[in-house]
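In what follows, a structure is listed as structure tokens, so that the remarks can point back to it.
From a predicted model like this one, the values you see are computed outputs, not experimental measurements. Order of appearance sets the numbers: ligands from 1, and atoms from 1 within every ligand. Count residues from 1 along the sequence.
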Amino acid sequence: MIKHLSGLDDGPVTVAGWVETVRDQKKVQFVILRDESGSVQLVRPRPAEDDAIATSISELTLGSFVKVTGQLKHDERVKLGGIEVKIDEFEVVGKALPENPIADDSSIDKRLDWRFLDLRRPEQNLVFRIQTTFEHALRTWWVEHDFVEIHTPKLMASASESRAELFELGYFEGKAYLSQSPQFFKQMAQPAGFGSVFEIGPAFRADPSFTSRHATEFTSVDAEISWVDSAEDVMQMHEALIVAGFTAVKEKHGDEIKALFDVDVVVPSTPFPRIPLAEAKRIVAERGYTVPRADDDMDPEGERQISAYVKEELGSEFVFLTDYASSIRPFYHHRHDDDPSLTQSYDLIFNGTEISTGAQREHRVDVLIEQAKDKGLEPEELDFYLDFFRYGVPPHGGFGMGLSRVLMLMLHLPSIRETTYLFRGPNRLLP
Ligand code: AMO
């Protein structure tokens with residue numbers, strides 16, 4: 001790899017990568033070559049008569065993939081890392097078409113059309129190395145805390161979140177639905193006696209919106225734990241995980257993130273602030289913004305405002321908004337024992353946007369049936385799910401978190417299109 005060259009002694013090396021620039025001069029030819037680890041300067045004095053290598057370099061198109069064997073030389077006069085490789089053998093392995101279909105200032109839609117070229121940019125490459133580190137840190141934390149990894153089916157016989165955003169597909173003689181969340185099946189692990197479970201997997205929402213934070217398919221990070229007394233237990237697990245993920249990212253990529261995105265990754269301290277939703281709305285109103293519908297969720301501007309408040313007043317990029325009204329939460333959320341109009345639930349807001357919803361679940365089957373009816377659902381349709389609660393189930397709770405939203409907000413990027421490997425939206429199924 002190119003990044004290893006600086007640690008080697010002068011002598012023969014072989015490198016391969018994409019041609020970034022060519023300086024085709026009379027006396028000497030220079031090529032800057034890049035692989036996924038970095039860039040290096042290649043150099044070749046021009047012979048009196050152009051030979052095969054000189055001609056190939058002259059005809060190189062940017063982005064072509066080449067393999068080079070030559071002599072590594074440390075020379076502090078070379079601007080790019082103080083090393084260069086003097087070319088002995090030169091092979092064009094994959095020639096690129098001369099016109100690059102995208103440029104640095106191309107629109108995000110155009111870049112997504114050519115995502116494999118877009119991903120070659122070092123910033124994009126870094127996004128997915130950060131994602132790898134982040135997921136690995138979460139998994140490590142879960143494994144160290146005795147969680148079991150599950151993979152729940154994405155083909156479903158019913159909706160898991162709402163009928164509104166449901167993809168339906170033909171399934172032999174009948175129909176099936178794409179899973180909107182592993183919700184039901186991560187809960188199933190509780191009566192199954194797994195204790196604590198997690199899953200990182202796809203979720204699908206037939207959401208027609210074109211916002212910067214909605215996709216029709218996204219990667220959902222989910223966890224569910226037994227024996228909770230309230231949403232507080234879930235929040236404590238959640239914030240510990242976030243700290244583990246951010247610590248790993250900062251340690252491994254902090255400097256590169258600063259260099260490429262000009263962002264300082266901040267490892268949050270715990271406990272994150274917790275603010276009941278009703279109070280958050282009052283705080284936001286005092287800042288001069290009234291959330292449009294008093295009985296509804298925070299809207300995006302409300303989320304930005306409460307985040308700004310928490311940052312300014314409490315120095316935190318994260319805030320848990322708690323105690324959502326039962327009217328705006330799903331039937332499976334546990335309601336407060338002393339006030340059934342409120343739920344044991346929360347949203348986690350990071351740098352101005354919701355990244356997660358979590359809750360204690362209702363585990364008493366008679367109460368659960370009443371709550372389902374309350375929401376206009378047919379208990380018969382949910383019977384397979386209700387059975388989970390009929391044979392002994394511990395009190396439990398968990399959360400779901402959008403992976404690409406976390407990355408977008410961590411890196412201060414404008415859209416999850418930048419932090420999703422291949423984005424899916426209402427008008428995008430390719431590539
Ligand atoms: P919710 O529907 O709030 O909760 O989703 C949880 C988190 O998933 C992400 N998310 C999305 N990301 C991209 N595009 C979308 N269309 C999209 N929809 C949701 C968000 C959101 O905060 N079952 C519950 C979770 C639970 O209680 O365990 C659920 O799915 O980051």
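- Listed for the Arg115 side chain is a donor-acceptor partner under 3.5 Å among the backbone atoms of Tyr421.
- Scanning all protein heavy atoms for the shortest distance to atom 14 (N) of ligand 1 gives Ala215 N, 2.9 Å.
- Neither the backbone nor the side chain of Glu165 comes within 4.0 Å of ligand 1, counting heavy atoms alone.
- A salt bridge does not link Asp264 with Lys250: none of the charged nitrogens is closer than 4.0 Å to a carboxylate oxygen.
- The existence of a salt bridge linking Glu232 and Arg274 is confirmed by a sub-4.0 Å separation between a basic side-chain nitrogen and an acidic carboxylate oxygen.
- Checked for salt-bridge contact, Lys281 and Asp296 miss the test: no charged N lies under 4.0 Å from a carboxylate O.
- Contacts of Tyr332 with ligand 1, taken as heavy-atom pairs under 4.0 Å, involve the side chain alone.
- Closest approach of Arg335 to Pro340, counting heavy atoms only: CD-O, 3.3 Å.
- Of the options Thr357, Val234, Thr216, Leu409, the smallest heavy-atom separation from atom 4 (O) of ligand 1 is shown by Thr357.
- Salt-bridge formation is not detected for the pair Glu36/Arg129: no Lys NZ or Arg NE/NH1/NH2 atom is positioned less than 4.0 Å from an Asp or Glu carboxylate oxygen.
- The shortest N or O to N or O distance between His333 and ligand 1 is not below 3.5 Å.
- A salt bridge is defined here as a Lys NZ or Arg NE, NH1 or NH2 lying under 4.0 Å from an Asp or Glu carboxylate O, and Arg139 with Glu199 fails to meet this definition.
- For ligand 1, the polar-atom distance check finds no N/O of Met401 at less than 3.5 Å from any of the ligand's N/O atoms.
- Salt bridge annotation for Lys373-Glu378: absent, with no cationic side-chain nitrogen under 4.0 angstrom from a carboxylate oxygen.
- With respect to atom 13 (C) of ligand 1, the closest heavy atom belonging to the protein is Arg213 O, 3.4 Å.
- Only the side chain of Arg361 comes within 4.0 Å of ligand 1, counting heavy atoms alone; its backbone N, CA, C and O stay farther away.
- Contacts of Phe399 with ligand 1, taken as heavy-atom pairs under 4.0 Å, involve the backbone alone.
- Not a single heavy atom of Glu224 sits under 4.0 Å from any atom of ligand 1.
- Ion pairing between a basic and an acidic side chain is recognised when a charged N comes within 4.0 Å of a carboxylate O; Asp297 and Arg329 show no such pairing.
- Ligand 1 has an N or O atom lying under 3.5 Å from an N or O atom of Ser181, backbone or side chain.
- For atom 19 (C) of ligand 1, the closest non-hydrogen atom of the protein is Phe218 CZ, 3.5 Å.
- Lys258 and Glu256 are not joined by a salt bridge, as no carboxylate oxygen comes within less than 4.0 angstrom of a charged side-chain nitrogen.
- The shortest N or O to N or O distance between Ile355 and ligand 1 is under 3.5 Å.
- Only one option out of His396, Gln190, His363 pairs with Ser226 in a side-chain hydrogen bond (donor to acceptor under 3.5 Å, both in side chains); it is Gln190.
- At under 3.5 Å, not a single nitrogen or oxygen of Gly358, backbone or side chain, sits near a nitrogen or oxygen of ligand 1.
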ask   = side chain to side chain donor-acceptor pair (under 3.5 Å) between Gln41 and Glu84: does it pass, once the steps are laid out?
value = CA-CA 5 Å; Gln41 174 166 289; Glu84 63 183 7; 3.0 Å; yes
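- Near Gly400, meaning under 4.0 Å from one of its heavy atoms, ligand 1 places the atoms 6 (C), 7 (C), 25 (C), 26 (C), 28 (O).
- When Glu354, Gln180, Arg205 are ranked by how near their heavy atoms come to atom 5 (O) of ligand 1, first place goes to Arg205.
- Within the 4.0 Å heavy-atom shell around ligand 1 one does not find Ala359.
- The distance from ligand 1 to the heavy atoms of Lys186 drops below 4.0 Å at these ligand atoms: 26 (C), 28 (O).
- Ligand 1 places these atoms under 4.0 Å from at least one heavy atom of Ser356: 22 (O).
- Between Gln183 and ligand 1, at least one N/O pair is under 3.5 Å apart.
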